[in-house]
Amino acid sequence: IVNRSNMSCDFGRAVPRWLLSTFNFFLLVISLSALFIGILMAVVPDQVISLVSHTLNQVSLTEDTKMKISSLMRLNLVSDVGNFLICSSVSVIIPSSLGYVGAMRESRILLFLYFAPLLLLWALQLFTFILLPAFKNILDYLSSWIAKKSLENYKGESEEENLISFSLNLLMGTLSCCGVSNFTDFSHSQTFQLTKMKLQKIPSACCILNPEKFPWHIVPEDDHCVFVPTKYNSFFMQGCLIKVHNLLLDNLPIILVALTILLTLEIVVVILAVCLCLLQNHRKDVLTHQVVIRKGRGG
């Protein structure tokens with residue numbers, strides 16, 4: 001009876017152990033690769049650009065594709081993407097390392113450090129998801145505040161764009177909008193005011209853009225748009241916050257499905273980690289009981 005119980009316990013431990021270790025192993029591989037690439041891009045961005053340029057000359061791609069990829073190889077943009085990869089990969093490496101080592105070594109301490117923050121995050125996400133309508137005004141205010149804060153690092157045409165400028169240009173050009181509420185938001189951006197062209201009123205991304213060159217190049221259809229914006233050559237009075245809000249509402253079913261899948265995945269991982277901890281305790285109880293029986297028979 002003891003042997004059968006021990007075998008069932010070992011089989012029950014093997015399943016969550018294999019699932020947890022495999023899942024976190026893949027996360028570790030991906031995050032470590034991203035960390036390596038991010039360090040290269042942040043430390044030696046010029047060498048990365050040279051490597052990409054050399055690779056493009058060796059591969060058989062169309063000239064148009066090569067020009068599009070080369071247009072993204074800007075020093076500040078590559079460096080900022082590298083810093084972003086470093087931060088995001090480190091935030092994944094730490095929990096995935098705890099989960100992988102904790103599952104392989106069946107360490108209750110590491111498993112607890114792994115699933116406790118994940119469970120807290122899951123509860124916070126579920127709480128926000130359920131009570132989202134009640135906190136709509138607060139979320140709108142926070143979204144507006146964060147968006148306006150990001151504009152403080154927006155660079156004008158006289159300097160090479162960074163990751164924030166590139167992202168905002170892509171957003172404004174795609175959604176045909178300007179700033180958070182309208183073009184006046186850029187008047188509060190000190191970085192934009194210092195790096196804009198003389199007499200420039202709005203960024204080029206707020207103008208009606210050349211569709212053949214967007215998104216690789218931000219080229220207004222009207223060259224005078226940035227100096228004299230009107231409703232005929234720009235979207236200077238249309239804020240991006242309401243456009244993003246409408247976009248989310250239009251894709252609400254897809255977002256709900258994605259959030260449901262994410263919450264389900266997180267709680268499954270938490271359950272596997274908790275089961276592995278509990279089965280580890282059960283295994284020790286069985287082994288202790290087996291040792292006691294053997295000692296009793298020996299006596």
Side-chain angles (χ1 to χ4, degrees), residues 21-101 114 117 146-174 186 189-197 200 203-206 209-210 212-220 226 240:
S21 59
T22 303
F23 174 72
N24 287 284
F25 175 77
F26 281 116
L27 287 180
L28 269 176
V29 171
I30 296 173
S31 56
L32 287 173
S33 302
L35 178 63
F36 175 73
I37 297 174
I39 291 175
L40 290 179
M41 296 177 71
V43 177
V44 285
D46 50 344
Q47 298 298 324
V48 172
I49 294 175
S50 300
L51 178 62
V52 172
S53 300
H54 176 73
T55 304
L56 289 176
N57 294 329
Q58 302 300 319
V59 297
S60 56
L61 296 174
T62 61
E63 290 299 323
D64 184 56
T65 303
K66 291 181 179 180
M67 290 181 60
K68 290 178 179 178
I69 297 176
S70 299
S71 66
L72 299 177
M73 295 295 105
R74 306 163 197 167
L75 199 62
N76 287 341
L77 184 59
V78 172
S79 179
D80 287 348
V81 171
N83 291 327
F84 174 78
L85 285 176
I86 292 174
C87 296
S88 57
S89 59
V90 168
S91 65
V92 177
I93 287 174
I94 295 176
S96 58
S97 298
L98 292 173
Y100 177 73
V101 177
Y114 173 69
I146 293 173
K148 290 181 179 180
K149 278 292 181 181
S150 66
L151 289 181
E152 295 180 0
N153 297 312
Y154 182 88
K155 291 186 177 181
E157 276 77 358
S158 64
E159 285 195 11
E160 188 178 274
E161 66 180 355
N162 52 20
L163 181 58
I164 292 179
S165 302
F166 175 81
S167 302
L168 290 175
N169 285 337
L170 185 62
L171 176 68
M172 292 188 293
T174 302
F186 291 98
S189 173
Q190 186 176 2
T191 303
F192 175 73
Q193 295 300 321
L194 293 175
T195 56
K196 69 175 184 178
M197 295 183 293
Q200 183 178 2
S204 298
C206 292
L209 303 177
N210 187 333
E212 296 180 357
K213 296 182 179 181
F214 181 80
W216 313 104
H217 298 283
I218 307 296
V219 180
V226 295
C240 290

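Predicted, not measured: the structure shown is a model, and the values here were computed from it.
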(request) Decide if atom NZ of Lys66 counts as having more than 12 heavy atoms of other residues, nucleotides or ligands within a radius under 6.0 Å. (result) yes

(message) Does any part of the side chain of Leu209, heavy atoms only, come nearer than 4.5 Å to the side chain of Val219, both counted from C-beta?
(response) no

(request) Would you check if Thr174 and Pro215 make a side-chain contact, meaning some heavy-atom pair closer than 4.5 Å? (result) no

(message) For a 4.5 angstrom cut-off between non-hydrogen side-chain atoms, does Leu27 reach Tyr100?
(response) no

(request) Would you mind reporting whether Tyr114 and Asn24 have side-chain heavy atoms less than 4.5 Å apart? (result) yes

(request) Step by step, work out the side-chain contact (heavy atoms from CB on, under 4.5 Å) result for Ser167 and Leu163. (result) CA-CA 6 Å; Ser167 302; Leu163 181 58; 4.0 Å; yes

(request) Quickly, which of Ile49, Asp80, Val48 forms a side chain to side chain contact (heavy atoms under 4.5 Å, CB included) with Leu75? Name it, please. (result) Ile49

(message) Please determine whether the number of non-hydrogen atoms from other residues, nucleotides or ligands lying under 6.0 Å from atom CE of Met197 exceeds 12.
(response) yes

(message) Run Leu35 and Leu85 through side-chain contact (heavy atoms from CB on, under 4.5 Å) and show every step you take.
(response) CA-CA 6 Å; Leu35 178 63; Leu85 285 176; over 6 Å; no

(request) State the NE2-CD distance between His217 and Glu212, to the nearest 0.5 angstrom. (result) 12.5 Å

(request) With sequence neighbours excluded, tell me which residues meet ring-ring contact (aromatic ring centres under 6.0 Å, His included) with Phe192. (result) Tyr154, Phe186

(request) Report the distance from atom CD1 of Ile218 to atom CG of Leu170, rounding to the nearest 0.5 Å. (result) 7.5 Å

(message) Main chain of Gln200, side chain of Lys196: is a donor-acceptor contact present, judged purely on distance under 3.5 Å?
(response) yes

(message) Would you say Glu157 and Ser204 are linked by a side-chain donor-acceptor pair, where the criterion is simply a distance under 3.5 Å?
(response) yes

(request) Step by step, work out the side-chain contact (heavy atoms from CB on, under 4.5 Å) result for Asp46 and Val44. (result) CA-CA 6 Å; Asp46 50 344; Val44 285; 4.2 Å; yes

(message) As a quick check of understanding, evaluate side-chain contact (heavy atoms from CB on, under 4.5 Å) for Val29 and Phe25, giving each step before the final call.
(response) CA-CA 6 Å; Val29 171; Phe25 175 77; 3.8 Å; yes

(request) Look up atom CD1 in Ile86 and atom OG in Ser31, then write down how far apart they are to the nearest 0.5 Å. (result) 13.0 Å

(request) Check the side chains of Asn162 and Ser165 for a donor-acceptor pair under 3.5 angstrom, ignoring hydrogens and angles. (result) yes

(request) Say whether Thr62 and Thr65, considering side chains only, have a donor N or O and an acceptor N or O under 3.5 Å apart. (result) yes

(message) Is any side-chain heavy atom of Met41 closer than 4.5 Å to one of Ser79?
(response) no

(request) Check whether any side-chain heavy atom of Ser89 sits under 4.5 Å from a side-chain heavy atom of Leu32, and report yes or no. (result) no

